[in-house]
A.B. asks: 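A single structure is presented below for examination.
Chain naming here is simple, since letters A, B, ... match the order of the sequence lines and numbering starts at 1 in each.
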2 protein chains.
Amino acid sequence: MKLQFALDRVDAKTALQMVARVYDVVDIVEVGTPMILREGMHPVRMIKEKYPALMVLADTKIIDAGSIESADAFEAGADIVTVLAFAQDATIRAVVKTARDLGKQVMADMVCVEDVAGRAVELDGMDVDYICLHTAIDVQNTGKTPFDELALVKTVVKNAGTVAAGGINFNTISLAKKYNPDIVVVGTALTGAADIRAAAQKMIRTIRE
Amino acid sequence: MKLQFALDRVDAKTALQMVARVYDVVDIVEVGTPMILREGMHPVRMIKEKYPALMVLADTKIIDAGSIESADAFEAGADIVTVLAFAQDATIRAVVKTARDLGKQVMADMVCVEDVAGRAVELDGMDVDYICLHTAIDVQNTGKTPFDELALVKTVVKNAGTVAAGGINFNTISLAKKYNPDIVVVGTALTGAADIRAAAQKMIRTIRE
């Protein structure tokens with residue numbers, strides 16, 4: 001299981017300082033949607049220029065204009081972009097084609113999808129690299145977690161990797177271990193830690209022990 | 001009917017040059033999603049600082065983190081933000097509340113929604129200012145237009161304004177006149193024009209004559 005470190009609510013300068021502490025600990029750094037809305041691809045470019053060997057995901061949540069938007073993110077240095085799972089199939093296919101042409105990867109985000117198993121089968125057939133079960137920030141206070149849906153999707157997917165995201169912290173990381181996605185996404189549990197490097201190392205030990 | 005001029009595939013500098021040509025012709029300038037993904041809120045800030053009286057829409061297509069993302073866009077100078085219509089109701093409500101607190105507006109984008117009439121009634125009940133019928137770029141080559149759905153939504157909505165978007169040009173603007181949304185969104189038909197000011201003036205005359 002890989003650890004994806006999500007940077008959502010920090011500015012580009014703080015993000016770069018945080019990445020400097022964990023670039024050799026975490027597997028993937030995510031430039032989150034709120035940061036992209038504020039600063040575009042600039043943080044992606046900055047992080048990738050400083051740490052070219054680090055896998056960078058741009059959480060673009062593409063819903064349309066799949067070729068243009070994914071190409072821009074890949075050009076800025078993203079290794080993985082995200083597309084919303086309920087986008088038109090034409091959009092999913094455009095993002096996947098752009099990724100294949102450039103040797104990059106695509107993660108489909110299942111946020112707000114109701115029939116996760118049905119859509120997962122379709123996404124798998126469209127050759128997305130990862131399917132992300134994602135509990136929206138705005139409903140995390142309901143106690144919802146992505147793990148039941150993750151278990152369901154794992155039973156129907158043949159090729160795509162699986163990802164769990166949404167409020168995962170040191171209390172719920174044991175569920176990630178139990179359900180065993182290919183990637184687990186952790187954000188504020190790390191960005192809010194007093195010692196971000198020690199927290200990331202502890203998280204890595206927990207998922208790999 | 002108002003004319004919303006969408007800037008999608010240009011850089012911030014070009015966008016500012018285009019806005020300089022039409023700021024006193026069009027009703028709303030849209031900083032489109034592809035531009036936001038590349039440059040964040042910088043184009044919104046630049047346009048609003050130079051043209052404070054001009055209505056600026058940030059096509060943020062929010063799907064989660066409604067409060068944070070809308071507040072960031074409003075803070076940068078946006079008068080209107082967009083939220084995806086199939087976002088969780090909690091997200092829609094968070095964006096609307098943020099807008100109300102700041103005296104700003106919210107447009108819900110119906111792209112990829114199947115039951116447009118049913119969702120339009122719910123969005124109207126959640127007090128969104130505008131409901132946008134939007135043919136995705138990635139399916140415009142199928143000949144799909146937003147006007148049938150616009151006509152349907154107009155029969156069920158009580159308070160929200162309606163908006164038509166998606167590949168509208170000088171050939172299809174007559175349909176906009178016929179179906180009469182509160183706002184019509186035009187992008188490449190203007191950004192691709194040899195004389196962008198003359199084209200915008202012609203479009204305005206067409207919808208208002």
A.B. asks: Is B/L37 in contact with chain A via its backbone, its side chain, both, or neither, using a 4.5 Å heavy-atom distance?
C.D. replies: both
A.B. asks: With a 4.5 angstrom heavy-atom cut-off, is it the side chain or the backbone of A/A76 that approaches chain B, or both, or neither?
C.D. replies: neither
A.B. asks: Give each N or O donor-acceptor pair spanning chain B and chain A at a distance under 3.5 Å, with atom names and distance to 0.1 Å, or state none.
C.D. replies:
unit_1, atom_1, unit_2, atom_2, d
B/L37, O, A/M41, N, 3.1
B/R38, O, A/M41, N, 3.0
B/R38, NH1, A/D72, OD2, 3.0
B/M41, N, A/L37, O, 3.1
B/M41, N, A/R38, O, 3.0
B/D64, OD1, A/I137, N, 3.0
B/D64, OD1, A/D138, N, 3.0
B/D64, OD2, A/I137, N, 2.6
B/A65, N, A/D138, OD2, 3.1
B/G66, N, A/D138, OD2, 2.9
B/D72, OD2, A/R38, NH1, 3.0
B/T91, OG1, A/D138, OD2, 2.7
B/I137, N, A/D64, OD1, 3.0
B/I137, N, A/D64, OD2, 2.7
B/D138, N, A/D64, OD1, 3.0
B/D138, OD2, A/A65, N, 3.1
B/D138, OD2, A/G66, N, 2.9
B/D138, OD2, A/T91, OG1, 2.7

A.B. asks: Can you name the closest pair of heavy atoms from A/A87 and B/C112 and give their distance?
C.D. replies: CA-SG, 3.9 Å
A.B. asks: Using a 4.5 angstrom heavy-atom cutoff, name the option from A/V139, A/V111, A/I63 with the most pairs to chain B.
C.D. replies: A/I63
A.B. asks: Tell me, with the steps shown, if B/F86 and A/V113 meet side chain to side chain contact (heavy atoms under 4.5 Å, CB included).
C.D. replies: CA-CA 9 Å; B/F86 50 61; A/V113 170; over 6 Å; no
A.B. asks: Using a cut-off of under 4.5 Å on heavy-atom pairs, state which of A/G66, A/P34, A/G40 scores highest against chain B.
C.D. replies: A/G40
A.B. asks: Can you list every pair that meets ring pair (Phe, Tyr, Trp, His ring centres under 6.0 Å) and has a residue in residues 91-117 of chain B, with sequence neighbours left out?
C.D. replies: none
